[in-house]
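Below is one structure, written out as structure tokens; comments come after it.
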Amino acid sequence: MTFPILPIISSPSNREAIAEFSVVGQILLPFESVSISKHFLHQFPNHVEVNVDTTSAKVEVDQIVELLNGGIKQVFIKESQVDEFILSGGLPSSRFAVKFDSSEVSDKVLETDSAFVFNCELTKDEIKKYGQNGNRGLYYENTSIAQELANKLASEDIYPIISSESLTSASSECGKISISSLFTAGLTTDRPDGLFTTLITTPAPSYTALGVVYSSVESIHASIAEKQGVYQSRKRRDELWYKGKTSGATQKLVKLEKDCDSDVVKFIVEPREGYGFCHLDKNFTCFHDGELTQKGESFGKGLAKLDSTLQDRFQSAPEGSYTKRLFNDEPLLIAKLKEELDELIEAGQSSPKDSNEVAWECADLFYFAMVWCIKNGVRLADVERNLDIKSSKVTRRKGDAKPAYLKNDNEKTEQKKEEYKMETIYVNDKSTDPKDISKALNRPVQKTADIMKLVLPIIEKVKKEGDKALLELTSKFDGVKLETPILRAPFPAELMNISEDMKEAIDLSMSNIEKFHAAQLPKEKIMTVETAPGVYCSRFAKAIENVGLYVPGGTAVLPSTAMMLGVPAKVAGCSNIILASPPSRSTGKLTPEVVYVAHKLGAKCIVMAGGAQAVTAMAYGTESVLKCDKILGPGNQFVTAAKMYVQNDTQALCSIDMPAGPSEVLVIADGKADADFVASDLLSQAEHGVDSQVILIGVDLTKEKLSEFESAVKKQAEVLPRKDIVAKCLSHSYTLLVDTYDEAFKLSNKYAPEHLILQVENARSFVPDYIENAGSVFVGGLSPESCGDYSSGTNHTLPTYGYARQYSGVNTATFQKFITSQDVTEEGLKSIGKAVMTLAEVEGLEAHRNAVHVRMEKLGLL
Ligand SMILES: NC(=O)c1ccc[n+]([C@@H]2O[C@H](COP(=O)([O-])OP(=O)(O)OC[C@H]3O[C@@H](n4cnc5c(N)ncnc54)[C@H](O)[C@@H]3O)[C@@H](O)[C@H]2O)c1
Ligand SMILES: N[C@H](CO)Cc1c[nH]c[nH+]1
Ligand SMILES: [Zn+2]
């Protein structure tokens, strides 16, 4: 039974009164103060039930339904509204309390399950009659006689309704009614010592019974007044037992209840963290259950135990714990949630059915769902409260699933079969909407603002905390705990332990890259042009001193990128080459091939970090990372966003190569193209990441040729180890069918692909005239894109997202700046002096004009 009183609280914003009387476990709010919404009840403590009094307002049935659906326990209405809402209206009578002006209740109303509210004194017989329905509460609305009534009718289910202003939680206060006296007045006991047997439990969700003790009227008064666990010592009757007063194991009083015949009291308390209850010190509860209830550990069983264990892990998870990894790695947690849901469905659909397997899989789903909740600050008790609110709704939704979830099995199988298919768009077909063509040429890019929101806190943290932040973020995002974020040259041989074949492959590739990039160096040390007689203008290149090269290492380790960035930097003559790459999640170390390449480049050090944190460290410098003048290299959206940010921050004084994001390819193929070659090129970029995109432009293809291409893509994709990534990439990739080569190049130039592959007859004849925008071009069926990725000599760090319109890929000049100089002779001044002075004059810049004038005057040239 609930605490026998219903306090009226003036409004939900009266937090003080709610806190003061929450031990009662129920409150009554005037309708005028309530603005119901989906989460209305969440502003109250979980254990407090909320009732609403509408009797002095004019309410419509819709408003009543809203209140009931919002989780209000009972709505107080006038007797005259019983018909409208309950008898004809069909709303559940148990959710109402009906207010009467006299003690006359019609038989019809008596037959409902509603609670009754009276404002006049009732006889004992009337109370018996009106309260005979065991579930019905009787409320009594008269402060002056409420206490007397409560005393008289303690064992009946009767609740005086009293405004919180007339109440006090102190044991006595002049002019106020003490809630503890209302509680104790109705208690009975048959114990010779006059004490009340008292059960102590924890709150929701576990409601673990902690032990049995005894209470006296005085100890209950003290407990309510102090809002903590206070009991009666049986040995020393003059002494109250303030639980934890000396040990620190105090208990916060949450709620008080009594049993059905009012002779047992129940204390619901929150024990202070880390303390148990049992006098056998090691046990959390007197009803101990071996290890499960060890003091200071998670208690309860099942979901309640999971809830407290996860909360504990969230605050201080042991290193290496899987749960900690889940908390830190949101994509992993989301993937696991989806995976477990699918497995639960599969378990229920398996034949023969295995109910144990369903329970097993459901437990997995609950575990991951609870990790998600705790990560988002939600406890099991909060979820349970929502279940209660939802179960108390009086109107139901139709409950149909969203269309996206309604695919039947055939459609799903069909979808599975179609997994490796790109959508086809017939560009010249009259029925094709031009918007579809534009959509196909739009990359699946996340909005910069969304990414920036995630990246900015990382940038700020690294700027502020330097190495410490780098170590923390590497632990968080890459799952590796390091002692230092930097590996300095000379690099230890054991960290670049690679096979001879691998060395040969790297050596050959680096040598080709070097040849191609060395050829890009200016032919002369200084280039000079005599622009006018006696005026010599020159330009010379100087290497950028400190360069930071980002080598991706998230979904795939890319030592090839270390070669592509490092070789031109070395060729250009950069003094300090620094690499950054995240350590491997599985080994905790850098990829040995990356270390080997760094060694061959003569790199000064490798920053063992990835993502936005690595970029920030190189842009601003940390205690151990040298500040770089330019940051180069491809990466995921976090890397790209951080590069874009630092190049715009004047404090960083740092430039970047270009926005080089998810890899992409556009293949132009005609009827003569080899379907296997075409498919292999599309797939080699599709396997980079789910955010990659591949485009095939088919020129004058027959239906048969198109399906030859499609079958080749499916056949090759199905056996790829990264087929899941490929499937996702192909789901936002397109085949565009056109009639002529001109159309194909027009579309390609519009798309400005990172890689353009020409698998058409006489491919060479199209280069360079037909190509306006592209990062790198692969000419003819025998030039797969992977040759350019690794070994041919061209650079694979190329502009994506369509930036090939204005950016070049990485090249030797990317690591240089070009300085101009001039040498003007007397003859030169004669040639251009007058023009300079005239222009300076029109700009009103007299000092400029004078700089020429004084010279010419001294030389007698004026
Ligand atoms: N355009 C080019 O020239 C080119 C060349 C090579 C690779 N690429 C592309 O580079 C990309 C490499 O991406 P990747 O992810 O494999 O490796 P990456 O090294 O770019 O990113 C991995 C890093 O991202 C960070 N990270 C991961 N999850 C995070 C989160 N939730 N919040 C903040 N940071 C997080 C981590 O620190 C991790 O080390 C691919 O898209 C690939 O296609 C492009
Ligand atoms: N294709 C990527 C550039 O977009 C580079 C790469 C590295 N390794 C394999 N491929
Ligand atoms: Zn590639």
Side-chain angles (χ1 to χ4, degrees), residues 328-334 443-446 450-459 461-462 469-470 472-480 509 550-565 580-585 590-591 593-594 607-617 632-643 657-665 680-694 722 725 729 753-755 757 775-776 778 784-791 794-801 803-804 807-810:
N328 290 340
D329 188 345
E330 189 160 309
L332 173 68
L333 177 53
I334 293 172
R443 280 109 170 142
V445 183
Q446 244 181 304
D450 293 345
I451 310 266
M452 273 302 174
K453 266 190 231 151
L454 300 169
V455 162
L456 276 178
I458 298 178
I459 295 176
K461 189 173 168 66
V462 177
L470 274 185
E472 263 177 53
L473 293 165
T474 303
S475 162
K476 180 170 176 185
F477 292 122
D478 302 289
V480 179
S509 304
Y550 185 79
V551 178
T555 56
V557 192
L558 304 180
S560 54
T561 303
M563 310 190 289
M564 294 294 174
L565 297 170
S581 194
S584 148
R585 202 173 266 283
L590 285 167
T591 310
E593 290 80 4
V594 171
V607 181
M608 295 180 284
Q613 58 275 24
V615 172
T616 313
L632 306 97
N636 62 16
Q637 66 260 46
F638 304 109
V639 172
T640 308
K643 279 171 65 185
D657 48 354
M658 75 196 102
S663 301
E664 54 191 45
V665 67
S680 69
D681 284 341
L682 292 169
L683 295 175
S684 73
Q685 290 314 286
E687 78 171 346
H688 267 294
V690 294
D691 44 4
S692 283
Q693 189 182 48
V694 300
R722 289 163 73 97
I725 294 179
C729 167
E754 181 196 12
H755 306 103
I757 301 189
S776 196
F778 297 78
E785 198 258 291
S786 22
C787 284
D789 276 348
Y790 298 108
S791 310
T794 60
N795 209 291
H796 82 201
T797 310
L798 299 165
T800 59
Y801 305 119
Y803 277 108
Y807 281 96
S808 321
V810 163

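Numbering of ligands and ligand atoms starts at 1, following listing order.
Remark: among candidates N636, D789, V557, the nearest residue to atom 24 (O) of ligand 1 is N636, based on non-hydrogen atoms. For atom 32 (N) of ligand 1, the choice among F477, Y803, Y550 with the nearest heavy atom turns out to be F477. Closest to atom 8 (N) of ligand 1 by heavy atom, among A580, A612, S663, is S663. Across A556, P662, G635, heavy-atom proximity to atom 11 (C) of ligand 1 is greatest for G635.
Summarising the geometry, atom OG1 belonging to T640 is positioned 4.0 Å from atom OH belonging to Y801; distances are rounded to the nearest 0.5 Å. Rounded to the nearest 0.5 angstrom, H796 NE2 and D789 CG are separated by 6.5 Å. How far CG of L558 is from OG of S663: 8.0 Å, rounded to the nearest 0.5 Å. We find the SG-CD distance between C729 and Q693 to be 7.5 Å, quoted to the nearest 0.5 Å.
Within ligand 1, counting atoms from 1 as listed, the ones closer than 4.0 Å to a heavy atom of V639 are 20 (O). Residue contact check: I458 has heavy atoms under 4.0 Å from atoms 33 (C) of ligand 1. Those atoms of ligand 1 that come under 4.0 Å of a heavy atom in H796, given as number and element, are 2 (C), 3 (O). Numbered from 1 in the order shown, with element, the atoms of ligand 1 that lie under 4.0 Å from a heavy atom of E754 read 1 (N), 2 (C), 3 (O). Taking every heavy atom of T797 and a limit of under 4.0 angstrom, the matching atoms of ligand 1 come to 3 (O). Taking every heavy atom of Q613 and a limit of under 4.0 angstrom, the matching atoms of ligand 1 come to 37 (O). Atoms of ligand 1 lying under 4.0 Å from any heavy atom of T800, numbered from 1 in the order shown and given with element: 1 (N).
Regarding atom 25 (C) of ligand 1, its nearest protein heavy-atom neighbour is G611 CA, 3.9 Å.
Neither the backbone nor the side chain of E330 comes within 4.0 Å of ligand 1, counting heavy atoms alone. If you look at V455 next to ligand 1, there are no close heavy atoms at all, none under 4.0 Å. Counting heavy atoms closer than 4.0 Å to ligand 1, residue P582 contributes side-chain atoms (C-beta onward) but none from N, CA, C or O. The proximity of L558 to ligand 1, defined as any non-hydrogen pair under 4.0 Å, is limited to the side chain.
Considering only heavy atoms from C-beta on, D329 comes within 4.5 Å of R585 through its side chain. Residues L590 and M608 form a side-chain contact, since some pair of their non-hydrogen atoms from C-beta on lies under 4.5 Å apart. A 4.5 Å side-chain heavy-atom check between L798 and Y807 finds every atom pair outside the cut-off. Side chains of S684 and P784 form no contact here, defined as non-hydrogen atoms less than 4.5 Å apart.
No salt bridge links R443 with D691; every basic N to acidic carboxylate O contact stays at or beyond 4.0 Å.
Considering both main-chain and side-chain atoms, P634 never comes within under 3.5 Å of ligand 1 through any nitrogen or oxygen pair. Checking only distances, P552 never comes within under 3.5 Å of ligand 1, N or O to N or O. When only interatomic distances are considered, the shortest N/O to N/O separation between L798 and ligand 1 falls below 3.5 Å.
Residue-and-atom listing of protein N/O/S atoms under 2.8 Å from the Zn ion (ligand 3), sorted by chain and number: H688 NE2, D789 OD2.
Not a single heavy atom of L454 lies less than 4.0 angstrom from ligand 1. Ligand 1 does not have G689 within reach: every non-hydrogen atom of the residue lies 4.0 Å or more from it.
Sorted by chain and number, the heavy-atom contacts of ligand 2 below 4.0 Å come from L558, S560, S663, Q685, H688, E754, H755, E785, D789, Y790, H796.
Distance check on atom 6 (C) of ligand 1: some protein heavy atom falls below the 4.0 Å cut-off.
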